[in-house]
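Per chain, numbering begins at 1; letters A, B, ... match sequence-line order.
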Amino acid sequence: MEIKVKKNVLGKNDRLAAEIRKYLSEKGIFAINLISSPGAGKTTILEETCARLKDKLGIAVVEGDITTTRDADRIARHGVPVHQIETQGACHLDARMLENALEHLDLDKVDLLIIENVGNLVCPATFDLGEDAKIVVLSVPEGDDKPAKYPGIFRRAKVLLLNKIDLLEISGFDKEKALRDLAEINPDITVFETSATKGTGMDEWCQWLADRVAEKKKK
Amino acid sequence: MHELSIAMSLMEIIEEECRKNQVKKVRKVKVVVGEMAGIVPDSLKFSFEVVSQDTVADGAELELEVRPVTALCQDCSEEFVVEEFRFRCPKCGSRNAKRLGGDELYIDYIETDD
Ligand SMILES: Nc1nc2c(ncn2[C@@H]2O[C@H](COP(=O)(O)OP(=O)(O)O)[C@@H](O)[C@H]2O)c(=O)[nH]1
Ligand SMILES: [Mg+2]
Ligand SMILES: [Zn+2]
């Protein structure tokens, strides 16, 4: 016997993500899903973002990175509500994990939800969390071939934060080549060149975020 | 290695279908995977072997049909296959292309012994 199934394997995750998206929209919250390799600078960027925006916007953070609770502690120091997901070694966050995490956060005064995904350029790209935008962080020491090697995430992301730009000279990163590859994969992506440790490009990135939050509030 | 969680979701759907249809033994499962779904076929096959052990699908063949990424040029309406994620229209050179297929990840059908 042949049973026609025609069912999306990720159906459960996608349905839950759609519910989260609806819930966040009703609350007028703009949500981003930060994705990168381990060590590209997600948490540092998050800290700098919180420092710049926390007096202007209500921010909440969900930490999915596996490195214990160290990242969550770094965010908590900025006085921003943060919940650490225990991924138990998972290589990505899924909508169920996010749903559970959101129950631990008071979202009533929140305008911007930032989710730091597990450090990995492949797996997180497949799992919708209900975010408004995937933000990919690529740090220049990782090499200029990354967009071409991991096109899935670069295609899906709305923004690329090209981080550790302070190391551009010594890393031999060919920026023109990386951006040329990127334009073929995703011509609509917005790129900010940042150095989270030196503060370069952080104001521009935060302005982009603030604009999106304002847009979402209007809807 | 998210293929393991994908294989688990796959197994959940298979068991649900088997219950509904009162099937006891699955011979083959056919899954359609787009090139942009972010799945490594061999890794999914291996994960499926692991999670299907001692289930209705123990020993079942997992057939994966890989579908290319396709796009529609918004400027000249050419439909084309996207090679290596390069979304450039081969006819007019435009980058203004809308993706059509390539992110599929669904169970097409299940073949049973019954
Ligand atoms: N030189 C340089 N180092 C950075 C920059 N951003 C982050 N780092 C460093 O990179 C390391 C990993 O950063 P972290 O934020 O933990 O990365 P994550 O794993 O993506 O969260 C830390 O030692 C940071 O201080 C940057 O823009 N320039
Ligand atoms: Mg981190
Ligand atoms: Zn064209």
Checklist entry - Any idea which heavy atoms bring R88(B) and E184(A) closest together, and the distance? => result NH2-OE2, 2.5 Å

Next on the checklist: Can you confirm whether K20(B) is buried at NZ, in the sense that more than 12 heavy atoms of other residues, nucleotides or ligands lie under 6.0 Å from that atom?
Outcome noted: yes

Next on the checklist: When you measure from the centre of the six-membered ring of F85(B), is the NZ or CZ of R155(A) closer than 6.0 Å and no more than 45° off the axis?
Outcome noted: no

Checklist outcome for this item: Whatever's closer than 4.5 Å to a heavy atom in chain A on E35(B) counts as neither

Checklist entry - Heavy-atom distance under 4.5 Å to chain A: side chain of R99(B), backbone, both or neither? => result both

Item to check | Closest approach of H2(B) to V122(A) (non-hydrogen atoms, all atoms of both residues) | outcome: CE1-CG1, 4.0 Å

Item to check | Over 12 foreign heavy atoms within 6.0 Å of NZ, K177(A) | outcome: yes

Checklist entry - When you check the gap from the basic side-chain N to the acidic O, do E16(B) and K7(A) get nearer than 4.0 Å? => result yes

Item to check | Where I13(B) and V9(A) come nearest, the two heavy atoms and their spacing | outcome: CD1-CA, 3.9 Å

Checklist entry - Is the number of heavy atoms from other residues, nucleotides or ligands under 6.0 Å of Y150(A) OH greater than 12? => result no

Checklist entry - For K27(A), does the NZ atom have more than 12 heavy-atom neighbours from other residues, nucleotides or ligands under 6.0 Å away? => result yes

Checklist entry - Taking all atoms of both residues into account, what is the closest heavy-atom pair of T126(A) and A37(B), and its distance? => result OG1-O, 3.3 Å

Item to check | Worked verdict on R86(B) versus D181(A) for side chain to side chain contact (heavy atoms under 4.5 Å, CB included) | outcome: CA-CA 8 Å; R86(B) 290 176 190 271; D181(A) 286 347; 3.5 Å; yes

Checklist entry - Would the number of heavy atoms belonging to other residues, nucleotides or ligands and lying under 6.0 Å from NZ of K28(B) be above 12? => result yes

Checklist entry - Of all heavy-atom pairs between L10(A) and I6(B), which one has the smallest distance, and what is that distance? => result CD2-CD1, 3.7 Å

Checklist entry - Which region of N96(B), side chain (C-beta onward) or backbone (N, CA, C, O), has a non-hydrogen atom less than 4.5 Å from a non-hydrogen atom of chain A, or is it both or neither? => result neither

Checklist entry - For L105(B), is it the side chain, the backbone, both or neither that has a heavy atom under 4.5 Å from a heavy atom of chain A? => result both

Next on the checklist: Does any backbone or side-chain atom of V82(B) lie under 4.5 Å from a heavy atom of chain A? Answer side chain, backbone, both or neither.
Outcome noted: neither

Next on the checklist: Let's go through E2(A) and I110(B) carefully: what are the C-alpha distance in whole Å and the side-chain angles of both, what is the deciding distance for side chain to side chain contact (heavy atoms under 4.5 Å, CB included) to 0.1 Å, and is it a yes or a no?
Outcome noted: CA-CA 6 Å; E2(A) 187 181 300; I110(B) 296 172; over 6 Å; no

